Amino acid sequence: MSQMRNLVLIGLMGAGKTSVGRHLAQLLGWEFLDTDHVLEERCGADIPWIFDIEGEAGFRRRETEVLEDLCQRENTVIATGGGIVLSQHNRSLLKTCGTVVYLSATPEQLYARVAHDTHRPLLQVENPEAVLAKLLQEREPLYLEVASLVVPSEPNRSAKYMADQLVARLAELQS
Ligand code: S3P
């Protein structure tokens with residue numbers, strides 16, 4: 001994996017970026033960072049609070065700052081928030097940051113993973129599954145624009161299994 005600078009995971013909420021990312025970092029012997037966690041740590045507040053006080057625009061500004069910093073790194077597995085691809089600036093950054101992997105999933109799979117979540121402001125609505133379907137439709141072209149590899153979610157497979165598969169596919173990509 002010596003040619004990769006970083007490994008960046010993108011995809012919608014519930015795609016498994018954080019859990020797969022942690023296993024990947026372990027397999028590669030790399031550090032793991034998550035843009036949402038770094039942002040919360042820096043801000044000293046959680047994401048729902050930031051959305052409440054600064055709105056989504058404030059959150060996006062902070063998210064871009066975090067991405068700019070994390071892209072300076074090397075040998076890091078970076079899990080990103082699902083909306084990271086929304087700005088052209090972020091998409092350009094992602095392309096230079098490392099190998100970008102899109103963890104894709106159907107709205108049903110995504111919903112199954114986030115159904116009881118209260119930490120994601122965009123899903124605190126009456127019909128979160130419909131929101132996920134809409135976001136998927138809007139964002140999938142953007143995920144595909146920046147990704148070097150697309151890894152579809154497999155039902156009933158663990159994050160560890162997904163990470164093992166991904167490492168094998170990355171090795172193929174580089175051979
Ligand atoms: C968001 C996804 C979240 C977080 C924020 C906004 C989005 O991250 O960044 O709630 O716009 O899709 P995860 O994809 O890690 O849940």
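For clarity, every value in this text was computed on a predicted model and none was experimentally measured. For ligands, and for the atoms within them, numbers begin at 1 and follow the listed sequence.
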Undergrad: Which pairs, with at least one residue in residues 137-162 and sequence neighbours excluded, count as a ring-ring contact (aromatic ring centres under 6.0 Å, His included)?
TA: Tyr102-Tyr143
Undergrad: Under 4.0 Å from a heavy atom of Gly81: give me the atoms of ligand 1 that qualify, with their elements.
TA: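 What qualifies from ligand 1 is 8 (O), 9 (O), 14 (O).
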Undergrad: Starting from atom 14 (O) of ligand 1, find the nearest protein heavy-atom neighbour and note its residue, name and distance.
TA: Lys17 NZ, 2.4 Å
Undergrad: Backbone or side chain, does any N or O of Gly82 fall under 3.5 Å from an N or O of ligand 1?
TA: yes
Undergrad: Check each heavy atom of Leu122 against ligand 1 and say whether those closer than 4.0 Å belong to the side chain, the backbone, both or neither.
TA: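 It is the side chain that gets close, since no backbone atom is under 4.0 Å.
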Undergrad: Considering non-hydrogen atoms of the protein only, which is the closest contact for atom 15 (O) of ligand 1, and what is the distance?
TA: Asp36 OD2, 3.1 Å
Undergrad: Would you say CD of Gln26 has more than 12 non-hydrogen atoms from neighbouring residues, nucleotides or ligands within 6.0 angstrom?
TA: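 Counting neighbours around CD of Gln26, 12 or fewer heavy atoms of other residues, nucleotides or ligands fall under 6.0 Å, so no.
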Undergrad: Between Arg139 and ligand 1, which part of the residue brings a heavy atom under 4.0 Å of the ligand: side chain, backbone, both or neither?
TA: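 It is the side chain that gets close, since no backbone atom is under 4.0 Å.
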Undergrad: If we ignore hydrogens and angles and just use 3.5 Å, is the side chain of Arg139 paired with the main-chain N or O of Gly82 as donor and acceptor?
TA: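 A pair under 3.5 Å: yes.
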Undergrad: Side chain of Glu129, backbone of Leu110: donor and acceptor closer than 3.5 Å?
TA: no
Undergrad: Considering only non-hydrogen protein atoms, determine which one is nearest to atom 11 (O) of ligand 1 and report residue, atom name and distance to 0.1 Å.
TA: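 Result: Arg60 NH2, 2.7 Å.
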Undergrad: Considering only the protein, which heavy-atom contact is closest to atom 10 (O) of ligand 1, and what is its distance?
TA: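 Result: Pro121 CD, 3.6 Å.
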Undergrad: Tell me whether Asn90 contacts the main-chain N or O of Ile84 through its side chain, where contact means a donor paired with an acceptor under 3.5 Å.
TA: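 Side chain of Asn90 to backbone of Ile84, a donor-acceptor pair under 3.5 Å: yes, one is there.
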Undergrad: When you measure from atom 16 (O) of ligand 1 to every protein heavy atom, which one gives the shortest distance, and what is it?
TA: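 Of every protein heavy atom, Arg120 NE, 2.6 Å lies nearest to atom 16 (O) of ligand 1.
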Undergrad: Under 3.5 Å, side chain of Asn6 to main-chain N/O of Val8, donor-acceptor pair present?
TA: no
Undergrad: Please, which pairs that meet side-chain hydrogen bond (donor to acceptor under 3.5 Å, both in side chains) have at least one residue in residues 43-52, sequence neighbours excluded?
TA: none
